[in-house]
Amino acid sequence: MIPRPDMSVSIGRLTLRNPVITLSGTCGYGDEYAPFADLSALGAFTTKSVTLEERKGNPPPRIVETPAGMLNAIGLANVGLERFVTEKLPVLAGLGVPAIVNVAGHCIEDYLAVCARLDPLEAVAGLELNVSCPNVADGLVFGSDPAALGNLVRKVREVVRRSVLVVKLSPNVTDITATARAAIDAGADALSLVNTFVGMAIDVEKCRPVLANVTGGLSGPAIRPLALHMLHRVYREVAGPAGVPLIGMGGITDWQDAVAFMLAGATAVGIGTVLFVDPGVPVRVLEGMEDYLRRHGLASARELTGRLNALNRGPAPGCNTAGRGVRP
Amino acid sequence: MASFPDTGSPPTPLAKGLFRAQVAANEPLCTGHAELILRFDAFPPAWPGQFLQIQCTDPDGPVWRGGALIRRPFSIGGLRRGPRGVEIDILYRVMGVGTGWMSRLKPGEPVSVLGPLGRPFEPPPPGSLACLVGGGIGLPPLIWLAGELAEAGVQVLAFCGARTAELLPLRRDPAVPVRGAEPSAAWPALARWGVAAIVATDDGSLGARGRLPDVLADWLAARAADAPPVAIYTCGPEPMMQAVAGICRRRGLPCQVCLERMMACGMGTCQSCVVPVHDPAAEDGWRYRLCCTDGPVFPAEHVIWE
């Protein structure tokens with residue numbers, strides 16, 4: 001009998017029982033999906049963004065479906081730090097899954113205050129910096145300027161001593177390896193990528209944008225090839241050589257997508273938008289991935305990470321300036 | 001407070017789940033509208049006003065392989081429990097890629113359904129006449145409500161509106177006359193419960209000519225002073241519900257509104273389906289609530305109309 005593959009992976013000091021993570025903003029604070037699916041089997045759970053003060057969020061309409069995806073402009077609606085700690089964290093602690101708390105802010109001081117408060121709490125396994133929310137006025141500054149991002153991460157690193165520090169990268173940049181490098185150099189334990197792409201939809205009859213916020217973040221299968229490419233670049237050029245784990249995300253809907261992100265260099269994968277359609281997807285992804293490992297004779301999920309490189313040693317995509325081309 | 005038959009008043013929290021249903025029927029209703037009947041082996045207790053999130057793609061195989069991505073919310077338009085399981089009626093208007101897919105469903109095909117979702121209508125105060133005011137594709141939750149209330153012994157009168165006769169999503173019994181703003185039993189979906197309906201169309205092609213809130217206001221004004229108190233339930237286009245809520249506010253009538261919002265999940269996670277409501281406890285007097293889990297039914301006086 002073939003032994004059961006070892007599904008555990010490590011994100012910094014944090015060991016996850018498997019590489020499947022639910023993503024910020026798509027799974028609430030933990031108990032909303034309880035009637036529909038058992039999330040306790042997952043590797044980790046990521047909360048909706050928490051900000052220092054409570055935020056009402058943007059006016060509606062906040063979402064619209066677009067081809068193969070959806071635009072959202074929720075605007076970081078959340079209960080604020082203190083209510084999160086008193087009302088939501090106890091629920092998370094009861095899930096039986098490591099909780100990664102996504103943190104957003106207007107300025108460095110906001111991030112520092114939230115991270116310093118959450119870091120010592122037992123129920124917090126990781127802190128994920130949302131430096132790339134496209135739906136708040138100043139959300140993109142940290143996410144698109146490597147120097148500003150490095151400065152933020154360096155300061156946050158000083159107050160985050162216990163939990164794993166993850167930086168979530170924006171795809172709305174000219175060169176994602178630059179922000180990836182800045183975050184790693186400043187001390188991030190791991191990177192998660194990518195956040196949503198800024199997009200827009202227009203109601204032509206009403207002659208106005210569909211979203212009250214005008215623009216929104218595009219997620220879903222529409223962004224999958226773009227996200228996969230960005231993850232692969234960051235893995236090959238920055239994170240892989242630096243030994244920093246990546247959490248891959250962007251339009252994953254089934255186990256094949258999840259395995260593709262792992263092969264491209266992800267240590268763990270995030271399931272987001274598809275949870276809205278079926279909260280049972282993460283468990284099926286996990287089952288599919290386990291079966292894939294068995295069929296391919298792999299003993300551990302860790303063997304999937306970057307396996308694409310092991311099989312194809314061509315030049316990194318995006319750096320192929322010598323015109324050498326990759327042998328088919 | 002009265003309770004609904006069989007099921008009584010809803011408990012908190014309500015049972016809900018992810019189900020695989022089978023198409024029992026899918027028939028055109030009127031121009032651009034159709035009625036889908038789904039059959040479930042089992043389904044949790046449900047109440048009028050609650051809704052389903054239907055995955056508008058084949059539930060077998062990958063979650064997404066083209067077509068609609070997020071589920072589409074539909075009010076439950078009727079629910080019957082029998083020895084062969086549970087049947088649920090969904091009345092829908094073909095609008096886009098999701099409802100277009102639904103319109104092509106054939107009997108026997110599988111459909112993935114989340115539900116029952118949301119906070120339902122509450123029964124009226126004892127002794128009330130329940131007036132159900134529905135416009136266009138806002139009618140389905142009121143059709144089920146009419147049946148449930150009538151079964152519970154509540155007096156019910158329906159007000160049904162559409163832009164034109166062709167767009168009223170109710171099958172008509174041609175043998176029964178419809179005269180102006182008089183209650184008529186020409187609509188079997190309501191008449192089978194002994195419920196009559198006053199119909200109004202914007203163009204006068206059926207029933208009274210004019211807007212439904214005006215017809216309701218005239219009817220209320222003409223009532224005898226000693227007639228039983230009225231409780232209003234409304235669902236339809238937002239300007240219509242806003243007008244109905246205004247009439248109820250001026251007359252001091254209880255009014256419950258069933259709202260519709262674009263939503264991704266229906267389970268309280270995506271935070272997209274917000275409704276601004278008055279909240280004296282909030283710093284600036286208002287807050288957002290979620291249409292999917294705090295609603296879709298709200299007391300009209302809570303809603304801040306946009």
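Just so you know, these numbers come straight off a predicted model, no measurement behind them. Worth knowing before you read on, the calculation uses all heavy atoms, side chains too, and leaves out hydrogens, waters and symmetry mates. Reminder, nothing fancy here: chain letters follow the sequence lines and each chain counts from 1.
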Student: Under the salt bridge (charged side-chain N to carboxylate O under 4.0 Å, His left out) rule, what pairs show up with a residue in residues 37-54 of chain B, not counting sequence neighbours?
Tutor: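 Every salt bridge (charged side-chain N to carboxylate O under 4.0 Å, His left out) pair that includes a residue of residues 37-54 of chain B, provided the two are not neighbours, is B:R39-B:E87.
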Student: Which one, A:P59, A:A37, A:G57, leads in non-hydrogen pairs under 4.5 Å with chain B?
Tutor: A:P59
Student: For the atom pair SG (B:C270) and CG (A:L275), what is the distance rounded to the nearest 0.5 Å?
Tutor: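 Reported to 0.5 Å precision, the distance equals 11.5 Å.
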Student: Report the option among B:V274, B:V97, B:L18 that has the most heavy-atom pairs separated by less than 4.5 Å from atoms of chain A.
Tutor: B:V274
Student: May I ask you to list the residues in residues 295-303 of chain B that approach chain A closer than 4.5 angstrom, counting heavy atoms only, ordered by number?
Tutor: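 Those residues of residues 295-303 of chain B which would need a heavy atom under 4.5 Å from chain A do not exist here.
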Student: If you count heavy-atom pairs under 4.5 Å with chain B, which of A:G25, A:A68, A:A77, A:P61 comes out on top?
Tutor: A:A68
Student: I'd like a table of the N/O donor-acceptor pairs between chain B and chain A - cut-off under 3.5 Å, distance only.
Tutor:
residue, atom, partner, partner atom, Å
B:L69, N, A:E65, OE1, 3.1
B:L69, N, A:E65, OE2, 3.4
B:I70, N, A:E65, OE1, 2.9
B:R71, NE, A:V277, O, 2.4
B:R71, NH2, A:V277, O, 2.8
B:R72, NH1, A:E65, OE1, 2.8
B:R72, NH2, A:E65, OE2, 3.0
B:T269, OG1, A:Y33, OH, 3.0
B:Q271, O, A:R62, NH1, 2.7
B:D284, OD1, A:K56, NZ, 2.6
B:D284, OD2, A:K56, NZ, 2.8
B:W286, O, A:K56, NZ, 2.9

Student: Counting only heavy atoms closer than 4.5 Å, note whether A:V277 contacts chain B via side chain, backbone, both or neither.
Tutor: both
Student: State the CD1-CZ distance between B:I70 and A:F276, to the nearest 0.5 angstrom.
Tutor: 8.5 Å
Student: Which atoms of A:P279 come close to chain B, meaning under 4.5 Å heavy atom to heavy atom: side chain ones, backbone ones, both, or neither?
Tutor: side chain
Student: Please rank B:G266, B:A68, B:G67, B:G66 by heavy-atom pairs under 4.5 Å with chain A and give me the top one.
Tutor: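 The option with the most such pairs is B:A68.
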Student: Under 4.5 Å, heavy atom to heavy atom: which of residues 89-96 of chain A reach chain B? Give them by number, or say none.
Tutor: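 Counting heavy atoms that sit under 4.5 Å from chain B, no residue of residues 89-96 of chain A is involved.
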